[in-house]
2 protein chains.
Amino acid sequence: MEERSVFARRLRAAREARGVSQKQLGILAGIDQFVASARINQYERSKHVPDLHTAQRLAAELNVPVSYLYEPDDDLAQLIRLLGACSRDQRHQLIAQLQTP
Amino acid sequence: MEERSVFARRLRAAREARGVSQKQLGILAGIDQFVASARINQYERSKHVPDLHTAQRLAAELNVPVSYLYEPDDDLAQLIRLLGACSRDQRHQLIAQLQTP
DNA sequence: TGGCATACTAAGGAATCCTTAGCTTTACGG
DNA sequence: CCGTAAAGCTAAGGATTCCTTAGTATGCCA
């Protein structure tokens with residue numbers, strides 16, 4: 001009945017974009033196979049929130065920066081996702097670009 | 001003796017940039033004044049991690065996006081901080097720029 | 001010197017998470 | 001239509017982590 005949290009929505013979006021099941025994602029992130037399904041589901045239904053290390057492993061398997069999972073603003077979240085795919089040089093150019101308006 | 005977590009380091013960096021004490025930050029974020037000091041200190045020493053709502057309130061008072069507090073990559077973290085200060089239009093321009101290289 | 005602010009910490013009650021053991025729904029194949 | 005397998009989902013309680021309490025240590029300066 002309760003509203004879905006930002007973390008829950010971003011996690012689901014990223015997982016579906018990746019095309020894996022809740023159980024598969026959990027296993028990929030190193031969670032025991034008999035627990036994976038329940039835990040990922042609890043995260044996506046915002047029943048619970050994982051610790052930072054688990055969040056990091058989930059993000060790594062989903063090919064998004066961890067920070068993406070925590071960002072409430074949709075535009076900023078999308079930018080974080082796009083920046084996650086950028087090269088080091090591209091990022092440095094953008095930093096320079098944004099620091100000197 | 002243990003290593004400082006990403007969240008702890010970012011929180012301290014943002015707080016010091018803001019020039020407020022641990023206790024002040026806690027109070028600004030709505031934490032009880034008799035508990036504020038201990039809790040912020042536990043976060044900065046990575047003894048504990050706050051729930052998402054508290055993290056959001058801390059970030060808001062520190063003038064950084066919440067996602068900044070969770071990002072391990074220094075370049076990406078800096079970009080997130082810079083993007084947090086950008087206008088909606090600037091963000092949209094950047095999204096367009098990054099989507100079609 | 002005393003008083004105050006800041007940073008920090010142990011301990012335990014309070015809250016949250018992880019595991020177990022399923023149930024329900026959806027999607028096929030026969 | 002029915003069986004079944006995969007996917008999604010959940011309650012309950014033991015396991016773990018957090019929040020509160022109560023306090024120490026240090027530095028500053030009136």
Side-chain angles (χ1 to χ4, degrees), chain A residues 1-64 66-70 72, chain B residues 1-64 66-70 72:
Chain A
M1 296 301 189
E2 203 163 319
E3 191 173 302
R4 219 60 76 81
S5 72
V6 170
F7 188 94
R9 286 190 287 109
R10 299 269 183 257
L11 181 63
R12 171 157 296 189
R15 177 180 62 82
E16 290 182 341
R18 255 319 212 193
V20 296
S21 71
Q22 297 176 342
K23 182 176 181 178
Q24 283 177 314
L25 171 58
I27 292 173
L28 285 172
I31 296 174
D32 181 280
Q33 62 170 323
F34 296 108
V35 179
S37 168
R39 275 178 64 183
I40 302 298
N41 190 274
Q42 287 163 340
Y43 301 153
E44 290 191 4
R45 309 279 300 175
S46 53
K47 173 87 181 188
H48 297 309
V49 180
D51 61 53
L52 300 179
H53 184 246
T54 301
Q56 179 63 71
R57 280 183 311 171
L58 290 171
E61 290 303 325
L62 293 171
N63 251 7
V64 295
V66 232
S67 47
Y68 167 80
L69 298 175
Y70 295 94
Chain B
M1 294 301 189
E2 203 164 318
E3 192 174 302
R4 217 60 76 82
S5 73
V6 170
F7 187 94
R9 287 190 286 110
R10 299 268 182 256
L11 181 63
R12 172 157 292 191
R15 177 179 64 81
E16 291 181 340
R18 252 325 210 188
V20 295
S21 71
Q22 295 176 343
K23 182 177 182 177
Q24 283 177 314
L25 172 58
I27 292 174
L28 285 171
I31 296 174
D32 181 281
Q33 62 170 322
F34 297 108
V35 180
S37 168
R39 274 178 64 183
I40 303 299
N41 189 274
Q42 285 163 343
Y43 300 154
E44 289 192 5
R45 309 278 300 175
S46 53
K47 173 89 180 185
H48 297 308
V49 180
D51 61 52
L52 300 180
H53 184 249
T54 301
Q56 180 63 71
R57 297 245 21 198
L58 291 171
E61 290 304 326
L62 293 172
N63 252 3
V64 295
V66 230
S67 48
Y68 167 80
L69 298 175
Y70 295 94

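Residue numbers start from 1 in every chain, and the chains themselves are labelled A, B, ... in the order their sequence lines are given, proteins ahead of strands.
Which of C:dC17, C:dT20, D:dC9 sits closest to the side chain of A:Gln22 comes down to D:dC9. Closest approach to the A:Ala38 side chain among D:dG8, C:dA21, D:dT21 is made by C:dA21 (side chain taken as heavy atoms from C-beta onward). Out of D:dT20, D:dC18, D:dT10, the shortest distance to the side chain of B:His48 is found at D:dC18.
If you measure from atom CZ of B:Phe34 to atom C1' of C:dA5, you get 15 Å, rounded to the nearest angstrom. The interatomic distance linking A:Leu58 (CG) with C:dC18 (C1') rounds to 14 Å, in whole Å. Between A:Asp32 atom CG and C:dC17 atom C1' the separation is 16 Å, expressed in whole Å. The distance from atom CG of A:Leu25 to atom C1' of D:dG8 is 14 Å, rounded to the nearest whole Å. In this entry the distance linking NZ of A:Lys23 with P of C:dT19 reads 15 Å, nearest Å. Rounded to whole Å, atom C1' of D:dA7 lies 13 Å from atom CD1 of A:Ile40. B:Asn41 has its CG atom 13 Å from the C1' atom of D:dT24, to the nearest Å. When the P atom of C:dT16 is taken as reference, atom CG of B:Leu52 falls 12 Å away, rounded to whole Å.
B:Arg39 has no side-chain polar atom (N or O) that falls below the 4.0 Å cut-off from OP1 or OP2 of C:dT9. Note on B:Tyr43: a side-chain N or O is less than 4.0 Å away from OP1 or OP2 of D:dC19. Within the 4.0 Å cut-off from OP1 or OP2 of C:dT9, at least one side-chain nitrogen or oxygen of B:Arg45 is found.
The base of C:dT16 has none of its N or O atoms less than 3.5 Å from a complementary donor or acceptor on the side chain of A:Gln42.
By the 4.0 Å N-to-carboxylate-O rule, B:Arg57 lies close enough to B:Glu61 to be salt-bridged with it.
The two residues B:Ala29 and B:Leu58 have their closest heavy-atom pair at CB-CD2, 3.6 Å. When every heavy atom of B:Val66 is checked against every heavy atom of A:Tyr70, the shortest pair comes out as CG2-O, 4.0 Å.
With hydrogens and angles ignored, the 3.5 Å screen pairs a side-chain donor or acceptor of B:Arg10 with a backbone N or O of B:Pro72.
Heavy atoms of A:Lys47 sit under 4.0 angstrom from primed sugar atoms or phosphate atoms, though from no base atom.
Checking B:Arg12 against B:Asp51, the closest nucleotide of DNA chain C that is more toward the 5' end is the one next to B:Arg12.
A heavy-atom distance below 4.5 Å is found between the side chains of A:Leu25 and A:Leu62.
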